[in-house]
Amino acid sequence: MPDPAVPPTPPVPLAALLAREDLGLRQIAGPSDPATVIHWAHTSEMADPYPYLLGGELLLTAGVHIPEAAGSGTYFDDYVSRIVTAGGVALGFGLAPVHDTVPRALVAACDIYELPLIEVPPRTTFSGVARAVWQLMAQARHAELRRVTEAQQSLAAAASRPDPVPSVLRQLAQRVGGRAVLFGPDGTEVAAAGRGAERAQAAGGLDGRQVRDALTALARVVRPTAPVPPAGPAPAGPSAGAGPGSPTSPTTAHNTPASATDTVSGLHLAAWSLGAGRGFVLGVVSPRREPGDHTIASVAAVLLSLLTGEHQSGSGAARSSALVRLLLGASAEDVAPLLGGGRWVVVHARPDAVPPDPVAASALGAALGSPLVDVAGDVVRVLLPAEREPGPQPGWTLGVSAVAGPAEWAGADVQAGRALARARAVRAGLVRYGARPSLADLVPPPDAEAHARALLAPLTPALAETLRTWLSLHGGWDRTAVALDVHRNTVRQRIAKCAALLELDLDDPDVRMELWFALRRP
């Protein structure tokens, strides 16, 4: 008979419930297995509770349904067998107000059918037992969420290391207490990490090769470039789970990695396809299946899908080539054709909440349509072909430069930084750097630059940037402080120092206009 569909709640060890001194519960029959878990607590006085159980419950009863002559017939055998058939995990019997003791025939039936029988003392209410189960579930859920969150953070950090693929596999193997394997498109192991499943292999009578063969067979099921092999017996020991050694059917959503699971002699196997059409597969072997393991492995699969996709794509190879040429002395103009664009914009982005991490930065780059992403402190910089018009992104504040060629990238980077500062100051989701022709364009650039250098020579770079930001925000002290991440009094002191060094009246609009023309030079 197939296993019952237990409720989607965190499992609670029966031993943890028995350990609650405030309840005073005592097991008087059935096996004492530390691995026994319950998913719910349900009270019923029905003679046949089968139709009302989902499976995984601790069934609570005061014995109201028990007839007087029940001990001399098959009543208790029938009652307990129906609970077991429905998937009930344990039976709790209350000693009040109907019965002073647990019927002996019920104790015997629970021993026969190996159903744990729990004696509930008169002072303990069934609602108190149910509340204790809920409390233990809440603790389990909290622990699971904390474990998954910590694992996500460690996997993201591993993905940003110089050796991202081995680092992610090591973290995954450590988090699930088993082994993680990356299979290449040809089915061979590209990288692997972890040794935690060896003890379980020995306990199940399996050697390392049998486990590897079983995982390799499961990987073939989800590999998109290979035909799915016919189901057959897995190289297992005396007992194979999930059917007679056959894996579960893989998911086939187009936008998420396909996955499949199997159980071989107590070992839990899982495989994820890493990206449509590329053929990489993540395989995981663990000696136990803990809550949150599937979520943790799925996060690793997404990260590895991004990493393997980067190495496999032609654009990734072109970017690597461009980087090598730059390091070897080539100019930006020479390498720009490898990046797939002629005219570009630079985007500076800052998240509204927590500092950016590599995963969030990659997601932003994907949303904007460019893989050329750099995380620099609290700011993410994206180099974007000009034809891909950047738009506002939820949760981010963006500054966009004017369109620039490769020789002007450095200036565009400065423009994007200034646009981001203004966007934060005025609380706008996106601000573009103004690039319209102006009166300043009538002055030859060499003359304009020479005049700007002479006019601003007394100012340090920090003072010049403060003055530029202050003028761009119409002399607003608070907004300038926000844009520069400094206190408003610091802004006042710097502006006063600028006026003194320049020997100019900053309240004069003609002075402000001349300074603004000079400060707009990148």
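All values below come from the heavy atoms of this structure, side chains included, with hydrogens, waters and symmetry mates left out.
Atom CG of L59 and atom CD1 of I38 lie 11.5 Å apart (nearest 0.5 Å). We find the CE-CG distance between M46 and L53 to be 11.0 Å, quoted to the nearest 0.5 Å. The line from OG of S370 to CZ of R388 is 6.5 Å long, rounded to the nearest 0.5 Å. In this structure, I296 CD1 and S286 OG are separated by 10.5 Å, a value rounded to the nearest 0.5 Å. Rounded to the nearest 0.5 angstrom, H487 NE2 and D478 CG are separated by 9.0 Å. The distance from the OG atom of S298 to the CG atom of L303 is 11.0 Å, given to the nearest 0.5 Å.
Nearest heavy atom pair, residue A271 against residue V281, reads CB-CG1, 4.1 Å. The minimum heavy-atom distance linking C110 with L117 is given by the pair SG-CB, 3.8 Å. The minimum heavy-atom distance between A96 and P122, with the atom names listed, is CB-CB, 3.9 Å. Residues D77 and A109 share a closest heavy-atom pair of OD1-CB, 3.4 Å. The heavy-atom pair separating A41 from V133 by the smallest distance is CB-CG2, 4.1 Å. Here the closest non-hydrogen pair linking L172 and A300 is CD2-CB, 3.8 Å.
Without hydrogens or angle criteria, R220 side chain to G187 main chain gives no donor-acceptor distance under 3.5 Å. Under the 3.5 Å distance criterion, the side-chain polar atoms of Q153 are left unmatched by any main-chain donor or acceptor of A156. At distances below 3.5 Å, not a single donor-acceptor pair connects side-chain atoms of R82 with backbone N or O atoms of Y50. Remark: the backbone N or O of G178 is not paired with any side-chain donor or acceptor of Q174 at under 3.5 angstrom. Of the possible polar contacts, none joining the D262 side chain to the L269 backbone as a donor-acceptor pair under 3.5 Å is found. Between the side chain of T85 and the main chain of S81, a donor-acceptor pair closer than 3.5 Å is present. E57 places a side-chain N or O within donor-acceptor distance of the main-chain N or O of G55, the cut-off being under 3.5 Å. Side-chain atoms of E114 never come within 3.5 Å of backbone atoms of D111 as a donor-acceptor pair (strictly under, hydrogens ignored).
Using a 3.5 Å distance cut-off with no hydrogens or angles, the side chains of R146 and T149 do not pair a donor with an acceptor. The closest side-chain donor-acceptor pair between T397 and D352 falls under 3.5 angstrom.
Annotation: ring-ring contact (aromatic ring centres under 6.0 Å, His included) contacts of F183 (sequence neighbours excluded): none. E45 meets the side-chain hydrogen bond (donor to acceptor under 3.5 Å, both in side chains) test with T61; sequence neighbours excluded. Not counting sequence neighbours, the partners of R26 by the salt bridge (charged side-chain N to carboxylate O under 4.0 Å, His left out) test are E119. A search for side-chain hydrogen bond (donor to acceptor under 3.5 Å, both in side chains) contacts involving D78 returns T74, not counting sequence neighbours. For H294, the ring-ring contact (aromatic ring centres under 6.0 Å, His included) criterion is met by W272, not counting sequence neighbours.
The side-chain heavy atoms of L54 and W40, taken from C-beta on, include no pair separated by under 4.5 Å. Side-chain contact between L420 and V400 is absent, with no heavy-atom pair separated by less than 4.5 Å. Within the 4.5 Å cutoff, the side chain of L215 has no heavy atoms near those of the V284 side chain. Using a 4.5 Å heavy-atom cutoff, the side chains of H142 and L145 are not in contact. Within the 4.5 Å cutoff, the side chain of Y75 has heavy atoms near those of the H65 side chain. Considering only heavy atoms from C-beta on, V89 stays 4.5 Å or farther from V37 through its side chain. A heavy-atom distance below 4.5 Å is not found between the side chains of F93 and I118. The shortest side-chain heavy-atom distance between V107 and I28 falls under the 4.5 Å cut-off.
Evaluated for a side-chain contact (heavy atoms from CB on, under 4.5 Å) with L383, the options D374, V373, L372, L368 yield exactly one hit, L372.
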query: Can you check side chain to side chain contact (heavy atoms under 4.5 Å, CB included) on L398 and Q393, steps first, answer last?
result: CA-CA 8 Å; L398 274 61; Q393 301 296 319; 4.2 Å; yes
message: side chain to side chain contact (heavy atoms under 4.5 Å, CB included) for L106 and L91? Distances and angles first, verdict last.
response: CA-CA 10 Å; L106 178 58; L91 175 64; 3.9 Å; yes
query: What do the steps show when you test V347 against V380 for side chain to side chain contact (heavy atoms under 4.5 Å, CB included), and what is the final call?
result: CA-CA 8 Å; V347 178; V380 176; over 6 Å; no
message: Could you go through L430 and W396, starting from their C-alpha distance and side-chain angles, then the distance that decides it, and tell me whether this counts as side chain to side chain contact (heavy atoms under 4.5 Å, CB included)?
response: CA-CA 9 Å; L430 184 148; W396 294 83; over 6 Å; no
Name every donor-acceptor pair, under 3.5 Å, that has one atom in a side chain of residues 11-24 and the other anywhere in the protein, sequence neighbours excluded.
unit_1 : atom_1 : unit_2 : atom_2 : d
R20    : NE     : D22    : OD1    : 3.0
R20    : NH1    : Q135   : OE1    : 3.2
R20    : NH2    : D22    : OD2    : 3.0
R20    : NH2    : Q135   : OE1    : 3.1

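Note on R141 versus E144: salt bridge recorded, some NZ/NE/NH1/NH2 to OD/OE distance being below 4.0 Å. For R350 and D485, the salt-bridge test passes: some basic side-chain N is under 4.0 Å from an acidic carboxylate O.
By the neighbour-count criterion of 12 heavy atoms within 6.0 Å, atom CZ of R123 is densely surrounded, having more than that number from other residues, nucleotides or ligands.
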